Protein chains: 2
Amino acid sequence: MNKSKTRMTKQRKTILRVLRNTDTHPTADWIYERVKKEIPNISLGTIYRNLNVLAEMGEIMVLDFGSTYSRFDGNPENHYHFRCERCDRVFDIDIPLNRELNMKVNENTPFMAFGHRTEFYGLCPDCQKKNQT
Amino acid sequence: MNKSKTRMTKQRKTILRVLRNTDTHPTADWIYERVKKEIPNISLGTIYRNLNVLAEMGEIMVLDFGSTYSRFDGNPENHYHFRCERCDRVFDIDIPLNRELNMKVNENTPFMAFGHRTEFYGLCPDCQKKNQT
DNA sequence: CTATTTGCAAACGCTTTGCCTGATT
DNA sequence: AATCAGGCAAAGCGTTTGCAAATAG
């Protein structure tokens, strides 16, 4: 099938490093601005191309829950996310995946579930404080 | 705030009826084609405007999980969905919402979860059969 | 060397919006 | 009559892509 030998260009390396070193689930544009500090003449097209390549390689994860634009996660392991309804930021949720839920689907429906994506919504700690005023 | 008195135009009524009478979670374009059979000169802009209005009214639900375009659900009650990885169709999953999951987040993290959206992925019954070949 | 990747800019595709006319209450 | 909604077409906007030049292996 795909015999392409993935080259580790400095652009690709930088994008991956930036993504691994943040936990803010940034947008492509945020990554673009950030990488531009190191590689000033990099183009947005390169950011997108590499994000797609890295996702295919299984190095990162694409989150396209309820929003106009995608967010990217440097942690390719499946885990839960939380979106704050007030500030719209996305956080990692550190509770174990509920694998029984897949079993429930497999046992009670005709569908064959390999896994599931879950996003919680509500208020992040910061916005809970702000809402008290 | 919003003092607009929602008028029930024939366009809006038709769109809502079409959506209520399907369980395929269609795209805006699918709805457009469908409604056009009854109101031939309706415009795509009207479809989008009304889908947004109906969603605000709480009459329907917008699904923008992992895809370039949104899908719409005539059932505004929160429920689980299943996306087939092979044919990309979206189905309703008829198992009860796992509300304890929200509790787990509220008890074990600093986040305040009001709810969660979950999409399962795997193979639908049709595609399971096809995959046996 | 040569196939992959980049930068640039134009193209894409879904969705939104402005404007004016038409319909609803 | 007053205001909300529709039709049409253009604009928006995040993302993708074609192409020639650059570069990793």
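Residue numbers begin at 1 in each chain, while the letters A, B, ... track the order of the sequences. Because the structure is predicted, anything quoted here is derived from the model rather than measured.
As rounded to whole Å, 12 Å separates atom P of D/dG14 from atom CD of A/E33. In this structure, CD of A/E56 is placed 14 Å from C1' of D/dT16, rounded to the nearest angstrom. In this structure, B/M8 places its CE atom 10 Å from P of D/dA5, rounding to the nearest Å. When rounded to the nearest whole Å, the span between CG of B/D64 and P of D/dG14 equals 15 Å. Rounded to a whole Å, the OH atom of A/Y32 is 16 Å from the P atom of D/dT16.
Between A/F111 and B/F91, the ring planes lie tilted relative to each other; the angle falls in the 30° to 60° range. Using the six-membered ring where Trp is involved, A/H116 and A/Y80 have ring planes that are tilted, between 30° and 60° apart.
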Got a list of protein N/O to nucleotides 10-12 of chain D N/O distances below 3.5 Å?
none

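The distance from the CE atom of A/M112 to the CZ atom of B/F82 is 8.5 Å, given to the nearest 0.5 Å. Put simply, CD1 on A/I42 and CD1 on A/I31 are 10.5 Å apart, with the number rounded to the nearest 0.5 Å.
Placement of B/V35 and B/L54 within a single hydrophobic cluster is found when ILVMFWY residues are connected by side-chain heavy-atom separations under 4.5 Å, directly or transitively. When hydrophobic clusters are built by joining Ile, Leu, Val, Met, Phe, Trp and Tyr residues whose side-chain heavy atoms come closer than 4.5 Å, directly or via intermediates, B/L19 is grouped together with B/V62.
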* Asked: What string of B, S and - do you get for nucleotides 6-16 of chain C, 5' to 3', when a contact is any protein heavy atom under 4.0 Å?
  -> BBB-----SBB
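Under the side chain to side chain donor-acceptor pair (under 3.5 Å) criterion, the residue pairs touching residues 29-38 of chain B are B/R17-B/E38, with sequence neighbours excluded. Contacts classified as salt bridge (Lys or Arg N to Asp or Glu O under 4.0 Å) and involving residues 89-102 of chain B (residues at least two apart or in different chains) are given here: B/R89-B/D126.
A 4.5 Å side-chain heavy-atom check between B/Y121 and B/E119 finds every atom pair outside the cut-off. Side-chain contact check for B/D88 versus B/R83: some heavy-atom pair is nearer than 4.5 Å.
With sequence neighbours excluded, the residues satisfying side chain to side chain contact (heavy atoms under 4.5 Å, CB included) with B/M103 are B/E107.
Using five terminal pairs a side, the axes of the helix from C/dC1-D/dG25 to C/dT25-D/dA1 at its two ends make an angle of 40°, given in steps of 10 degrees.
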